[in-house]
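Model, not experiment: these values are computed from the prediction. Throughout, numbering of the chain's residues begins at 1 and tracks the sequence.
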Amino acid sequence: MFQVYKKINKSVVEVDKELIVDGYDFSDQWIHMSNPTDKELEFVSLATAIPEEYLKAALDSEERAHIEKEDGVLMSVTDIPITEEDDDKYTYATLPFGCIFTDKTIVTVCLNETSIIYDLLSGRFIRDFNIHKRTRFFLQLQYAISKKYLQYLKQIDRASQRVQAELEKSMRNEELIEMLSLEKALVYFSTSLRANTAVLDRVPRLVKFYEEDEDLWDDVLIENRQAIEMSNIYREILSGTMDAYASIISNNLNVVMKILASITLIISVPSMIAAFWGMNTGVPFEGKQWGFWVVIGINVVIAIIMLVLLAKKKMLK
């Protein structure tokens, strides 16, 4: 599907789809496409004179981040962070996001719906959202993407702290698997942010900046760099924490096995002695009424001796 937005006074509003027919003028408007159909791609391509392969570039989930300009059409693909709900838990990943603009029109394309569009329209990260100035729009979009990375990184950090607290109590595999999922998300984020940096480095060579855009451009670079540093720090912390908890769980298993082995030793010797008196041959105290209690006493004494010896060797801790 796709939506069309235009600016009326100081507000960006959505255009009624019933007005969008063949021959509709998209000048100074923003078209956003999320998982579009082939028919929608063809319609937008013909209406905006943007090559269809540009529109399809961001629809490949494996598309690498890049930027290029040809015949007056600038096309960039950067990776954006997304969340997916899986078994009542949120997982984090990245997805290509395309931004194409000509002298008249702006088109953004993504394989799935993304909250970044809502953030732009609601003014969550950008106060004066502008679709008339294409350079300003591109910088504001990149700024919103960087802020979204920072937002999700903070969520990942809080989730990792929650899982660590649960691990201290339970030491179950489920928590380790969840931490592994968070670490994988941080790898995705770190890789995508580095790829986005390569795109941002090329922007000044392809886009003309106006004086009022310089501060925004600096903010974009700062936010992107901060996101990279945070993802690297969180990844190192999470990796070290996982290694530590894996060692703790392994050590706890060794302690349990040591205690079980000690209990087995304490039980096995009295069992062997009792087995001797159960043989169908002549044994001491045979035929004596008090013989049974003597055998029980011998077993108890041996068990106590072994318990003391194992305790001195700290085999029961």
Side-chain angles (χ1 to χ4, degrees), residues 1-8 12-85 91-122 124-126 129-132 134-135 137-145 148-149 152 188 192 195-196 199:
M1 64 178 183
F2 72 94
Q3 294 87 28
V4 180
Y5 301 94
K6 66 179 179 179
K7 193 163 188 177
I8 299 177
V12 178
V13 297
E14 184 175 356
V15 177
D16 189 348
K17 286 191 174 182
E18 293 183 358
L19 300 176
I20 304 173
V21 295
D22 291 340
Y24 180 82
D25 186 9
F26 288 101
S27 298
D28 294 327
Q29 297 183 25
W30 168 32
I31 306 170
H32 175 66
M33 312 179 73
S34 57
N35 195 19
T37 64
D38 291 338
K39 186 177 180 179
E40 290 172 339
L41 289 169
E42 183 180 0
F43 173 77
V44 173
S45 177
L46 292 173
T48 61
I50 295 176
E52 197 167 329
E53 57 268 20
Y54 279 18
L55 300 175
K56 291 182 177 180
L59 299 179
D60 181 3
S61 60
E62 302 298 327
E63 182 73 12
R64 62 179 180 83
H66 64 281
I67 184 171
E68 58 185 81
K69 186 176 184 180
E70 186 176 353
D71 298 331
V73 179
L74 180 71
M75 189 271 289
S76 72
V77 176
T78 50
D79 292 328
I80 62 171
I82 61 170
T83 58
E84 299 174 345
E85 191 171 358
T91 58
Y92 299 85
T94 59
L95 204 63
F97 187 93
C99 179
I100 310 107
F101 54 82
T102 64
D103 293 336
K104 297 181 179 181
T105 311
I106 300 171
V107 180
T108 54
V109 188
C110 191
L111 187 59
N112 296 336
E113 294 185 12
T114 170
S115 59
I116 289 178
I117 302 302
Y118 171 78
D119 294 336
L120 288 171
L121 295 173
S122 63
R124 182 175 184 180
F125 300 131
I126 303 293
F129 181 49
N130 198 314
I131 63 174
H132 288 160
R134 280 158 287 283
T135 301
F137 175 90
F138 178 78
L139 294 179
Q140 290 175 335
L141 173 63
Q142 297 305 316
Y143 182 81
I145 291 174
K148 182 60 72 173
Y149 270 110
Y152 285 168
Y188 288 151
S192 296
N196 288 353
V199 172

More than 12 foreign heavy atoms under 6.0 Å from [atom1] of [X]: is that the case here?
X: Lys6; atom1: NZ; result: no
X: Lys104; atom1: NZ; result: no
X: Glu52; atom1: CD; result: yes
X: Tyr188; atom1: OH; result: no

In the structure I gave you, are the side-chain heavy atoms of [X] and [Y] within less than 4.5 Å of one another anywhere?
X: Trp30; Y: Leu120; result: yes
X: Leu141; Y: Ile116; result: yes
X: Asn196; Y: Phe97; result: no
X: Val73; Y: Ile100; result: yes
X: Ile106; Y: His132; result: no
X: Asp79; Y: Tyr149; result: yes
X: Leu95; Y: Thr114; result: no
X: Thr83; Y: Ser115; result: no

Check your understanding: Which word best sums up how the rings of Phe26 and Phe43 line up, parallel for under 30°, tilted for 30 to 60°, or perpendicular for over 60°?
Key -> perpendicular
Exercise for review: Show your working on side chain to side chain contact (heavy atoms under 4.5 Å, CB included) between Leu41 and Leu59 and close with a plain yes or no.
Suggested key: CA-CA 11 Å; Leu41 289 169; Leu59 299 179; 3.9 Å; yes
Exercise for review: I would like to know whether Glu14 and His32 meet side chain to side chain contact (heavy atoms under 4.5 Å, CB included); could you show each step before the answer?
Suggested key: CA-CA 10 Å; Glu14 184 175 356; His32 175 66; over 6 Å; no
For residues [X] and [Y], report the shortest heavy-atom separation together with the two atoms involved.
X: Glu68; Y: Leu74; result: O-CD1, 3.4 Å
X: Ile131; Y: Lys7; result: CD1-N, 3.5 Å
X: Arg134; Y: Asp103; result: NH2-O, 2.8 Å
X: Val77; Y: Glu63; result: CG1-CG, 4.1 Å
X: Pro96; Y: Cys110; result: O-SG, 3.7 Å
X: Val15; Y: Gln29; result: CG2-OE1, 3.9 Å

Practice item. State whether the side chain of Lys17 and the backbone N or O of Phe2 hold a donor-acceptor pair below 3.5 Å, judged by distance alone. Key: yes
Exercise for review: Could you tell me whether a side-chain N or O of Arg124 sits under 3.5 Å from a main-chain N or O of Tyr118, the two making a donor and an acceptor?
Suggested key: no
In Å, rounded to the nearest 0.5 Å, how long is the span from [atom1] of [X] to [atom2] of [Y]?
X: Ile31; Y: Thr108; atom1: CD1; atom2: OG1; result: 9.0 Å
X: Thr78; Y: His66; atom1: OG1; atom2: NE2; result: 10.5 Å
X: Glu84; Y: Asn112; atom1: CD; atom2: CG; result: 7.5 Å
X: Thr102; Y: Asp71; atom1: OG1; atom2: CG; result: 12.0 Å

Exercise for review: Take Phe101 and Phe137 through the side chain to side chain contact (heavy atoms under 4.5 Å, CB included) test and state the conclusion after the steps.
Suggested key: CA-CA 10 Å; Phe101 54 82; Phe137 175 90; 5.5 Å; no
Exercise for review: Could you check Ile50 against Leu55 for side chain to side chain contact (heavy atoms under 4.5 Å, CB included), going step by step and ending with a plain yes or no?
Suggested key: CA-CA 8 Å; Ile50 295 176; Leu55 300 175; 4.0 Å; yes
